[in-house]
Number of protein chains: 2
Amino acid sequence: MNRDAKRTLLQDVAREAGVSTASVSRVLNRAPHVSERLRNRVEAAIDSLGYVPDGTARALASRRIGAIGALVPTLDNPVFSAMIDSLEQRLKQYDCRLLIATYRYSLDEEVESLRTLIQQGIDGAVLIGHDHLPATLELFRRHEVPYLTCWHSEEDPDWPSIGFDNAAPARHLAEHLIDLGHRRFGVISAPVDGNDRARARLAGFRQALETAGLDLADDHVVTVEYGIEEGAAAFAELMRLMPRPTAILCGNDVLAFGAMFAAAQAGIAIPDDLSITGFDDLPQSRFMHPALTTVAAPSAEVGRLVADTLVARIRGDQTPHRQVLEARVVLRGTTAPPLHEMEPA
Amino acid sequence: MNRDAKRTLLQDVAREAGVSTASVSRVLNRAPHVSERLRNRVEAAIDSLGYVPDGTARALASRRIGAIGALVPTLDNPVFSAMIDSLEQRLKQYDCRLLIATYRYSLDEEVESLRTLIQQGIDGAVLIGHDHLPATLELFRRHEVPYLTCWHSEEDPDWPSIGFDNAAPARHLAEHLIDLGHRRFGVISAPVDGNDRARARLAGFRQALETAGLDLADDHVVTVEYGIEEGAAAFAELMRLMPRPTAILCGNDVLAFGAMFAAAQAGIAIPDDLSITGFDDLPQSRFMHPALTTVAAPSAEVGRLVADTLVARIRGDQTPHRQVLEARVVLRGTTAPPLHEMEPA
DNA sequence: TTGTAGGCGTTATCAT
DNA sequence: ATGATAACGCCTACAA
């Protein structure tokens with residue numbers, strides 16, 4: 001009786017079953033060319049000994065760890081946690097684990113986190129968005145780690161992707177407001193530095209306005225960090241403009257929540273006095289008063305598809321370089337014609 | 001020029017620096033008794049070769065993988081994603097990675113996920129709550145994996161914990177409503193099966209009511225899955241009761257959101273016609289109209305403390321068996337005296 | 001303080 | 001189809 005009852009090894013299983021360690025390994029890995037009889041003997045031995053394979057030894061010998069890495073800016077944003085949630089669920093079906101790292105929107109930290117994950121031996125990785133440092137790409141290349149980006153739809157030979165167009169729906173939102181008769185706009189944007197999604201959305205807003213011959217002065221675009229309170233503060237800033245905007249486009253739903261809250265505080269009626277839009281379609285956006293007009297980001301779908309595609313890439317299968325999902329505009333109650341609007345000059 | 005330019009190994013670094021592999025290993029692991037000179041030589045060699053240690057080999061040889069596992073019911077619930085977010089951030093400071101697995105509130109699936117994580121070689125694990133299958137405990141014991149539970153405050157020699165009391169604040173919420181003059185209550189609860197937190201909260205509600213000599217009939221407790229829509233449906237069910245409750249206690253904020261939405265739809269004024277409470281204090285709860293009376297679950301704090309404590313346990317340090325954080329009742333705008341209430345008989 | 005060498009538990013390449 | 005056995009890359013007694 002050893003003082004720490006040595007764990008049972010593959011070798012013990014082999015002895016118990018009266019076969020070679022190679023055969024046990026084959027059974028474990030469902031390798032072809034294994035006789036029914038041998039398989040049964042081995043499986044019986046495994047059961048009777050309660051054998052559990054050692055993942056680290058297996059990883060060293062096989063050069064794959066059975067886990068992928070996901071690098072996300074933060075899990076505090078529900079769109080990302082929803083994506084990660086569905087990603088993990090799907091990976092489980094492939095018997096693949098998930099290693100998470102967050103980088104607080106710092107691309108430098110993203111590189112560092114990726115480095116440690118690669119060191120850890122991940123079989124593949126998924127990144128958010130299209131903005132990354134060159135060092136990131138170099139790490140993937142040098143260590144030959146299969147990777148994917150998601151949440152954007154840029155065409156780029158360096159970055160295979162699964163996502164959706166962030167600019168077009170943003171443009172549609174702005175066009176919708178223009179069609180309703182709005183002429184004076186305000187924008188609340190997330191910081192665009194290192195965040196291509198925020199940038200694309202802002203660009204979409206701008207494009208629609210320019211096409212309509214409308215001006216969007218710099219002081220009509222307020223940039224704030226993610227957060228309801230931040231959205232409320234940005235809203236207050238926009239409301240100090242004279243003349244006031246009649247519509248406010250927000251870079252995401254949470255900023256829109258903040259804007260709606262501040263509007264209510266200030267006694268500004270949505271959508272009668274002012275229209276507001278979001279982007280993401282968080283679960284509660286449907287259940288507000290009024291319900292938020294926004295764009296539905298397909299979080300869960302992205303997660304599933306990333307799992308399917310990354311696993312395929314790891315296997316060496318061919319996969320589409322770029323997959324674009326639909327991000328649909330959802331018209332609800334926060335957008336309406338500008339009631340108290342004067343006709344443009 | 002090999003066709004796959006073999007990666008540089010620790011051995012290569014040793015040769016380059018003109019020292020033994022053991023010395024390189026020592027430098028890598030910040031072992032004591034290493035001369036300044038040797039360290040510099042080795043570090044120079046590491047830089048010049050761009051050496052990156054192999055995590056899998058290190059894991060096999062050292063018997064630790066540099067990652068812990070977190071088993072959570074789902075990441076779709078913001079309280080959990082917030083906790084995981086802070087957990088991961090803190091773990092990074094200890095140079096420790098995070099492996100995530102979700103189990104959709106199925107304790108059987110929890111066991112299975114734990115098994116694969118342990119097989120993966122995790123250095124430690126954290127579980128949510130106090131409800132677990134015996135097999136879970138056995139896995140920890142058998143594989144000698146340090147572990148922690150969180151989000152509850154049960155005293156149990158088997159389960160070291162970091163969390164907060166779920167029952168007491170729930171009781172306080174109910175007491176507060178009783179003090180305001182409410183006598184007829186409804187409860188919207190999450191499924192309590194395998195969920196000690198939901199059970200504790202419900203028990204807290206019950207206890208306060210019983211102490212006050214009030215009745216809570218079975219049909220005044222509606223159990224629904226997590227979700228705004230689910231909360232709304234439960235609310236509708238409670239509103240069909242005659243006489244109607246004047247206060248509704250919800251098992252979490254999201255259910256409360258649903259209830260508030262349904263109330264607004266039905267033209268029931270909160271808090272004048274009806275009081276509503278939640279539990280969790282999600283970011284938006286403060287920014288609703290009216291703002292939600294609820295209990296603040298210290299998500300981020302739990303995450304940080306779990307990281308600190310689990311890492312200490314892995315090192316073999318002594319840590320408190322049970323750490324109880326404060327979960328404070330936050331009185332806001334959804335609770336008020338029952339305006340249209342008759343005096344109790 | 002530094003070097004030598006034997007594991008760590010599998011997988012995978014050969015034979016047979 | 002099955003069996004020997006050499007990797008896999010690093011850590012760590014133990015020796016010097």
Compute the ring centroids of B:H152 and B:W159, then answer whether they are less than 6.0 Å apart.
no

Among [options], which is the nearest nucleotide to the side chain of [X]?
X: A:L60; options: D:dC8, D:dG3, C:dT2; result: D:dC8
X: B:L10; options: C:dG3, D:dC10, D:dC8; result: D:dC10
X: B:A57; options: D:dG9, C:dT11, C:dT4; result: D:dG9
X: A:S62; options: D:dA1, C:dT11, D:dC10; result: C:dT11
X: A:R26; options: C:dG3, C:dG9, D:dG3; result: D:dG3
X: B:T21; options: D:dC11, C:dT2, D:dG3; result: D:dC11
X: A:R7; options: C:dG9, C:dT2, D:dC10; result: C:dG9

Would you classify B:V24 as touching base, sugar-phosphate or nothing, given that sugar-phosphate means primed atoms plus P, OP1 and OP2, and contacts are heavy atoms under 4.0 Å?
nothing

Looking only at side-chain N and O atoms, does [X] come under 4.0 Å of OP1 or OP2 in [N]?
X: A:S23; N: D:dT2; answer: no
X: A:R64; N: C:dA12; answer: yes
X: A:S35; N: D:dT2; answer: yes
X: B:S25; N: D:dC10; answer: no
X: B:Y51; N: D:dG9; answer: no

How many whole angstroms separate atom [atom1] of [X] from atom [atom2] of [N]?
X: B:E36; N: C:dT1; atom1: CD; atom2: C1'; answer: 14 Å
X: B:Q11; N: C:dG3; atom1: CD; atom2: C1'; answer: 14 Å
X: B:I46; N: D:dC10; atom1: CD1; atom2: C1'; answer: 13 Å
X: B:L9; N: D:dA7; atom1: CG; atom2: C1'; answer: 12 Å
X: A:R15; N: D:dA4; atom1: CZ; atom2: P; answer: 13 Å
X: A:H33; N: D:dG3; atom1: NE2; atom2: P; answer: 16 Å
X: B:H143; N: C:dG9; atom1: NE2; atom2: P; answer: 13 Å
X: B:R58; N: C:dG9; atom1: CZ; atom2: C1'; answer: 19 Å

For the pair B:N29 (side chain) and B:S25 (backbone), establish whether a donor and an acceptor sit closer than 3.5 Å, ignoring hydrogens and angles.
yes

Short side-chain to backbone donor-acceptor contact, B:D12 and B:L9, under 3.5 Å
yes

With nearest nucleotide decided by heavy atoms, which residue, B:A61 or B:L38, maps closer to the 5′ end of DNA chain C?
B:L38

May I ask you to check whether B:E154 and B:S161 show a side-chain donor-acceptor distance below 3.5 Å?
no

Answer yes or no: is there an ion pair linking A:E109 with A:R104, defined by an N-O contact shorter than 4.0 Å?
no

Would you say B:L137 and B:H132 make side-chain contact, with heavy atoms under 4.5 Å?
no

